[in-house]
Amino acid sequence: MDVVTLKNNGIKELVDNLFSGAAAERDKAFAELCFFIGDEDIDNIFVTLLARGDTESIYWLVRYLVAIEHPYGFEKLFSLVTGEKPLAKEQALYGLGKINEESKISFFAKVLAFDDPRDVRFAAKKLADTANIKATFPLLKALERWAGEEETGVVIIRALSRVNDPRAGSQLSRIASEKKGKVQEEAFLALSALAFRISYFEIKKYLSSANPKVREIAYFVLLRQGKLFSEKVIADALKKEGEATKTYILSNIKNIRTEELFKSVIDLMGHGSGQTVTTMARSAVKRVRSNKTLKWLISLEKRASGPEKAYILKFLSEFNDNEKVAGILYGHYRQGTDMRLKLTAIECLGRIKTEQTVQFLTNIIGENDVFSLEAAISLTHMADRNNFAIILKILSWDPAKYTVPIQVLLRMIMKMPETFVFPADIIERIFKLTDDGDDGVKYLAVRCLAKIKIEGRIENLLAVAAREGATVIKNSAIRSIREIMQKDPEEQMTMLLTCVGGTCKYFMLYRIMSEMETGPENFIDVVKTLLGFICGTGLGKPKSVGLKQARFMSILRKQIDKNKMLSMDLLRYVAMSDDEEWIFMRTINSVGICHYPGLDASFMAEKYTQASADTKIEYLRFFAFLPVPGERTEELVFGALTRENDEKILKALRETVSAWLAGAGI
């Protein structure tokens with residue numbers, strides 16, 4: 001037997017061992033098989049395993065061709081990819097991912113030329129894993145072909161982003177300008193990642209793009225590079241670009257080193273710039289504030305005039321910790337002749353929170369001239385716990401003379417968070433202002449009490465509503481009470497007791513309670529209190545309702561009408577006196593609660609048997625209008641007809657039965 005035959009027999013025996021025996025024996029056979037790396041050996045093993053055609057054979061074949069790392073073996077592996085057997089192709093594609101990088105790039109570059117987009121996407125992802133710039137040109141060539149197919153184009157662009165080769169910039173820029181949808185978005189992202197590796201010559205190409213997004217990428221890179229010559233390009237862009245691009249540039253400015261760029265940013269505060277651009281320009285100045293930018297601003301302010309000087313003053317006020325800035329603003333108010341600039345200076349002083357500035361503004365308010373309103377508004381911008389003394393001082397001035405500044409401070413207090421704690425002397429002054437000064441001051445003082453959680457505010461507001469002649473003040477007090485009660489339900493009981501125990505008129509209580517929503521946690525207490533008020537005034541004998549009781553019952557009716565099922569729970573579980581139960585049932589009957597969908601009133605039959613004569617009559621009126629009386633209720637009523645001796649109750653029983661018969665169409 002010749003050598004070739006012996007070798008072939010050895011290969012055949014090893015191949016057979018791959019499919020028999022224990023795992024250790026199969027691995028040993030595979031290791032020995034990998035020593036056969038001649039071209040003829042590779043052909044022999046390839047043909048033998050491929051002929052078997054099953055999944056396990058293809059697995060061992062691909063594993064062998066990858067393991068021997070032989071050029072001819074890689075060619076055979078690639079032939080599986082291009083072959084007609086789907087199983088072999090799938091296994092080979094995954095096998096290609098395990099070969100050495102040089103061979104991998106070569107083979108997957110060939111796969112990129114396939115017609116099936118799934119193969120192309122698979123190859124692009126594998127090339128992305130290499131992150132090797134040798135994959136750049138095959139990927140660019142594939143992108144040229146597949147950019148119009150969204151899913152495949154996106155995968156290729158992401159692969160180029162991973163490779164991160166500056167040579168891809170031009171084509172990505174063109175794709176970003178020409179394509180739409182996800183392909184364009186992905187191209188922008190890839191360009192952004194790539195831009196920092198691109199030369200200034202390439203960046204200049206981006207700047208000439210017709211697509212503003214591409215230009216934005218260039219501006220972003222120039223800003224991050226922070227070179228002096230780049231700032232001239234940025235300054236020019238802020239003059240000629242559209243609002244969206246200007247906003248993008250301004251949001252990315254982290255540093256300014258040239259006066260030219262600084263002036264371009266400042267100019268965007270005026271000359272008809274949009275609100276967004278103006279806001280972003282101010283934000284940029286805040287971010288880059290330095291001694292250099294302050295120096296430029298002061299220089300610009302000296303040369304400027306009219307509207308330009310006004311907005312430069314506003315920029316200067318951003319440097320609110322600099323004494324020189326405060327001095328410039330003081331000077332404009334004291335020595336300036338332009339009324340608009342005087343007002344601007346006062347407005348800007350509101351950003352400089354120093355003791356000297358607070359006193360300066362207070363003095364302007366005290367002069368009570370045309371600038372007192374603006375000074376008061378500026379003072380509110382610096383209101384904090386350190387300025388309570390000044391606030392109290394101004395609130396204590398004569399409200400008839402200093403109406404406007406006092407109103408400004410009251411509005412400020414009204415808008416403060418409810419968690420803000422005011423000193424007792426300021427709260428006491430607000431209480432006094434509810435009865436001092438013109439209607440505007442009174443109104444705002446009353447509204448402030450709705451925001452300040454302090455003992456006695458309910459009583460104070462009720463007193464204002466009771467004594468005040470002006471409707472607007474009375475309504476303001478009632479509105480404030482409602483707000484307090486809605487936010488703090490526990491205040492409801494206090495308010496009810498105060499109203500009934502004091503001099504508060506009934507109509508006020510009605511207006512406060514009639515439109516209020518009483519939550520489940522507070523409903524029972526409110527109803528029980530109202531019942532106590534009604535019965536505590538003394539019902540007539542026999543039971544009757546007078547004018548005072550009727551007024552409180554109208555409030556009770558409103559509460560029950562808004563909480564029908566809660567009312568039934570109250571009747572079921574809460575103990576009441578006979579008078580209270582009688583009033584409660586009269587109110588329920590006036591509301592028509594028996595028509596509430598899903599009402600289960602069977603428990604009321606038991607309540608009936610325990611009630612007094614007058615209250616029984618109210619229960620019978622309730623039963624009369626039940627859409628479906630229920631077996632228990634019918635037994636009780638018909639049984640009572642034969643046993644009842646009280647003529648009034650008998651009459652009510654007959655009326656109930658008649659109502660049922662009429663409802664049944666009999």
Side-chain angles (χ1 to χ4, degrees), residues 458-459 462 465-466 478 481-482 485 489-594 596 601 603-604 607-608 610-625 648-649 652:
I458 287 279
E459 291 86 343
L462 286 169
I478 292 172
I481 292 170
R482 281 182 185 157
M485 292 167 66
E490 292 181 4
E491 297 264 20
Q492 295 186 46
M493 298 304 296
T494 303
M495 190 278 302
L496 283 168
L497 290 168
T498 303
C499 282
V500 176
T503 59
C504 182
K505 295 180 180 179
Y506 154 78
F507 83 89
M508 191 190 311
L509 179 62
Y510 181 80
R511 286 188 58 190
I512 293 169
M513 293 296 296
S514 62
E515 297 179 18
M516 277 198 56
E517 294 290 341
T518 304
E521 72 286 349
N522 218 55
F523 174 74
I524 292 177
D525 286 339
V526 170
V527 171
K528 282 287 287 179
T529 302
L530 284 168
L531 287 172
F533 292 159
I534 296 167
C535 297
T537 57
L539 299 176
K541 297 297 181 181
K543 289 179 181 176
S544 61
V545 176
L547 178 61
K548 193 168 186 178
Q549 291 91 351
R551 286 173 172 173
F552 284 114
M553 283 180 68
S554 65
I555 300 173
L556 180 63
R557 187 180 300 112
K558 284 279 187 180
Q559 294 300 310
I560 290 176
D561 191 34
K562 293 177 181 178
N563 296 276
K564 293 183 175 67
M565 290 311 296
L566 285 175
S567 299
M568 301 311 294
D569 287 340
L570 187 147
L571 187 63
R572 187 195 298 258
Y573 300 116
V574 178
M576 299 183 194
S577 69
D578 183 64
D579 282 350
E580 288 175 340
E581 192 172 350
W582 179 69
I583 291 293
F584 191 74
M585 285 307 302
R586 279 182 69 92
T587 309
I588 280 182
N589 288 333
S590 68
V591 170
I593 202 169
C594 59
Y596 190 84
F603 73 94
M604 296 182 76
K607 300 285 289 184
Y608 170 87
Q610 301 169 6
S612 66
D614 290 316
T615 307
K616 280 183 177 179
I617 291 171
E618 295 301 327
Y619 275 111
L620 289 170
R621 288 174 180 167
F622 177 86
F623 295 152
F625 293 101
K648 290 183 178 179
I649 298 177

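Computed from heavy atoms alone, side chains included, the values below leave out hydrogens, waters and symmetry copies. Quick caveat, the model's predicted, so the values are computed rather than measured.
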Residue pair Leu570, Phe584: steps toward the side-chain contact (heavy atoms from CB on, under 4.5 Å) verdict: CA-CA 10 Å; Leu570 187 147; Phe584 191 74; 4.0 Å; yes
Minimum-distance pair of heavy atoms, taken over all atoms of [X] and [Y]:
{"X": "Phe603", "Y": "Met568", "answer": "CZ-O, 3.7 Å"}
{"X": "Asn589", "Y": "Glu618", "answer": "ND2-O, 3.0 Å"}
{"X": "Lys607", "Y": "Leu571", "answer": "NZ-O, 3.3 Å"}

Salt bridge (Lys or Arg N to Asp or Glu O under 4.0 Å) against Lys528, all qualifying residues, sequence neighbours excluded: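 Per chain and number, Lys528 pairs via salt bridge (Lys or Arg N to Asp or Glu O under 4.0 Å) with Glu580.
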To the nearest 0.5 Å, what is the distance between [atom1] on [X] and [atom2] on [Y]?
{"X": "Ile478", "Y": "Leu462", "atom1": "CD1", "atom2": "CG", "result": "9.0 Å"}
{"X": "Met604", "Y": "Ile588", "atom1": "CE", "atom2": "CD1", "result": "5.5 Å"}
{"X": "Met585", "Y": "Thr615", "atom1": "CE", "atom2": "OG1", "result": "9.0 Å"}
{"X": "Phe523", "Y": "Asn563", "atom1": "CZ", "atom2": "CG", "result": "4.5 Å"}
{"X": "Ile481", "Y": "Glu459", "atom1": "CD1", "atom2": "CD", "result": "9.5 Å"}
{"X": "Ile649", "Y": "Leu620", "atom1": "CD1", "atom2": "CG", "result": "7.5 Å"}

Geometric class of the Tyr619/Tyr608 ring pair [parallel <30°, tilted 30-60°, perpendicular >60°]: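 Answer is perpendicular, since the angle exceeds 60°.
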Leu566 side chain reached by Val527 side chain, heavy atoms, under 4.5 Å: no
With sequence neighbours excluded, residues passing side chain to side chain donor-acceptor pair (under 3.5 Å) with Asp561: Lys564
